[in-house]
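Have a look at the structure below before the remarks.
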Amino acid sequence: MRERRATPSKRAAPAAAKQAGRANAAAGGALAAVLCVCAFAMLVRAEVAVHPYSGAGKPPMYGDYEAQRHWMEITVNLPVREWYFNTSANDLLYWGLDYPPLTAYFSWAFGKLAQVVHPPLVELGTSRGLETPPSKLFMRASALVSDLTCFFPAAMAFCALHYTGGTSDRTVALLLVLLQPAPILVDHGHFQYNAVCLGLAMLAALCAMRGRHLACAMLFCAALNYKQMSLYYAPAFFFWLLGSSWKQSTTFLEFVLRVVKLGIAVGATFALCWAPFLTSTEQLFQVVHRIFPLDRGLYEDKVANVWCALSPLLKLKLWLAQSHLALLSLTVTLAALIPIAIVLLRRPTTRNLLLGMTASALAFFLFSYQVHEKTILFPLIPLSFLVLEMPLASCWLGVMSTFSMFPLLQRDGLSLAYTALLPLFTSLSLMLTSAWHGASPATRAALVLSWCGCALLHALHAMVPPPALYPDVFPLLFAAYSCLHFVGFYVVVLCNMFVQS
């Protein structure tokens, strides 16, 4: 009796099943890798969180930790109309709210949660300077939750969609993005919630990459309404969206309609965020005044920008009035933004958007008015998302950004966390990417010299006491040395943008 031969469809069924099984196994392995990376990144953040924070045990003003707690206290106990005004219950000289409305709503949400979980944390007046273990646990947990819900999803989505080389590439990229030491030390050591606005900004960039321009504009507006330093990215998003709208339009009328739609999305987002403060011009102007104060000076502390680095030679604060300093910084910043605008208008690619965000943020950091040392996070994060495309630049900027904040981190008692995180990130970057092996001999030599200079400054700072006449000499040296690197990074990123064009 003859045996029947299997039909092609019957032979194909087992093969399809095997292929589906392999695909499911690969997907399961990719998910496991992502979960492991996220778990490790959260563990690192939790370890940093056990260290001291800004102003710990230092009355009467304490520090940024107390500022964030105080905003929760104010927003849950006072009506919205008093949040930005000086009243008997809201002393603006004691960490008065000076961030945009979304920060206030964010503080209100966590404040409401605190009223349920730990009410003493937000009791009006009596909670000032509260540093009990339960209160510190709540505050640290709030930073972890913010990071996990805002920045982590942006990093995971970007790495999954941008890096198509396989699970290995996506896992390495995600690991190095989430282990950048500077944002970890600032948010979970010093204590802030930068992960929220940075996550929103990178989600906006992701939407741009997927062609969702309206969502991109709305998410960036949300970032801007959370933290005004997101303005550092505004020129990059503006000119990228303008250039992209022009490229995608076949007629001028279509271009105009695209721009009008973007304008409506921006206006609607701002109107929604600012609605409670549009009841009167007094309310509106007071919020704007609190967000953009011109009386705080050209820069704060020893920040690694051009004005601070030149201060020993050029006493601009003594020679010029505040209004003239603001005009000078505005002029130089706008000049530094012009080449970025040209490139983004000519070639609005995803890579150029991220490079434009980095270059634009560096221009603001180096030359603008009222710069804080912590805002170096804004140029760092977009470049870190290109970690597999520009591994050496991502690693190098990550190291120098963290190094530039060492005087601040040391004051906060974070020297140990700094010393642990920086070598961990550096070694992983050099081992898992082509940052070292893919670099030219000249670039390797420059990298070694750069990091030897960092080591030398650390050694001098540890072993040599500062002169009595110049007690701030080491913070100034850290700032000037870092500033030299940041100027170099601005030039390198700008050159990369022009080459891509």
Side-chain angles (χ1 to χ4, degrees), residues 53-55 59-115 119-131 135 138-139 142-143 146 150 186-187 190-198 200 221-232 269-297 300 369-372 374-375:
Y53 47 82
S54 170
M61 292 301 292
Y62 301 93
D64 275 356
Y65 171 94
E66 171 63 8
Q68 304 292 340
R69 187 215 59 78
H70 181 62
W71 295 345
M72 296 179 193
E73 170 197 351
I74 291 301
T75 53
V76 297
N77 287 290
L78 300 180
V80 175
R81 64 179 181 274
E82 295 183 20
W83 286 358
Y84 290 91
F85 279 87
N86 194 61
T87 65
S88 58
N90 184 21
D91 180 7
L92 293 183
L93 294 178
Y94 185 80
W95 298 115
L97 187 58
D98 55 3
Y99 277 10
L102 273 188
T103 290
Y105 307 148
F106 175 88
S107 298
W108 175 87
F110 270 116
K112 283 296 182 181
L113 181 60
Q115 285 182 324
L121 182 70
V122 290
E123 287 180 358
L124 188 61
T126 59
S127 61
R128 183 173 291 195
L130 186 69
E131 294 182 297
S135 66
F138 180 90
M139 295 297 289
S142 69
S146 303
C150 295
V186 170
D187 277 15
H190 176 85
F191 199 87
Q192 284 190 341
Y193 297 104
N194 291 291
V196 178
C197 66
L198 292 173
L200 290 170
C221 288
L224 187 55
N225 278 289
Y226 182 85
K227 205 164 191 176
Q228 60 267 42
M229 276 70 81
S230 296
L231 272 172
Y232 285 20
T269 306
F270 267 85
L272 184 63
C273 292
W274 285 72
F277 306 100
L278 299 178
T279 54
S280 69
T281 55
E282 183 187 17
Q283 276 279 345
L284 179 62
F285 289 156
Q286 176 66 9
V287 177
V288 173
H289 172 70
R290 290 295 301 165
I291 295 172
F292 298 106
L294 290 178
D295 55 351
R296 290 187 180 178
E300 287 197 8
Y369 191 84
Q370 240 305 290
V371 175
H372 299 255
K374 299 178 289 293
T375 50

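Remember, it's a predicted structure, so these values are computed and weren't measured experimentally.
No donor-acceptor pair closer than 3.5 Å links the side chain of Arg81 to the backbone N or O of Gln283. With hydrogens and angles disregarded, a donor-acceptor distance shorter than 3.5 Å links the side chain of Trp71 to the backbone of Trp95. Although no hydrogens or angles enter the test, the distance criterion places a donor-acceptor pair under 3.5 Å between the side chain of Thr87 and the main chain of Asn90. Looking at Thr75, its side chain does come within 3.5 Å of a backbone N or O of Met72 through a donor-acceptor pair. Under a 3.5 Å cut-off, the side chain of Arg69 and the backbone N or O of Glu131 do not form any donor-acceptor pair. Formation of a donor-acceptor pair under 3.5 Å by the Thr269 side chain with backbone atoms of Cys221 is not found in this model.
In this structure, Gln370 and Gln228 have side chains that are not in contact, with every pair of non-hydrogen atoms separated by 4.5 Å or more.
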**Request:** Just do the ring pair (Phe, Tyr, Trp, His ring centres under 6.0 Å) check on Tyr65 and Tyr53 with the steps written out, would you?
**Result:** CA-CA 7 Å; Tyr65 171 94; Tyr53 47 82; 3.9 Å; yes

**Item:** Trace of the side chain to side chain contact (heavy atoms under 4.5 Å, CB included) decision for Ile74 with Leu97
**Value:** CA-CA 9 Å; Ile74 291 301; Leu97 187 58; 5.9 Å; no

**Evaluation steps, side chain to side chain donor-acceptor pair (under 3.5 Å), between His70 and Glu73** = CA-CA 5 Å; His70 181 62; Glu73 170 197 351; 3.0 Å; yes

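Residues passing the salt bridge (charged side-chain N to carboxylate O under 4.0 Å, His left out) test with Lys374 are Asp64, sequence neighbours excluded. Among residues two or more places apart in sequence or in another chain, the ring-ring contact (aromatic ring centres under 6.0 Å, His included) test is passed with Tyr84 by Phe277.
Enclosure of atom CH2 in Trp274 by more than 12 non-hydrogen atoms of other residues, nucleotides or ligands within 6.0 angstrom is indicated. Counting non-hydrogen atoms of neighbouring residues, nucleotides and ligands closer than 6.0 angstrom, the CZ atom of Arg128 exceeds 12 such neighbours.
Residue Tyr193 forms a side chain to side chain donor-acceptor pair (under 3.5 Å) with just one option from Ser146, Ser107, Ser142, and that option is Ser142.
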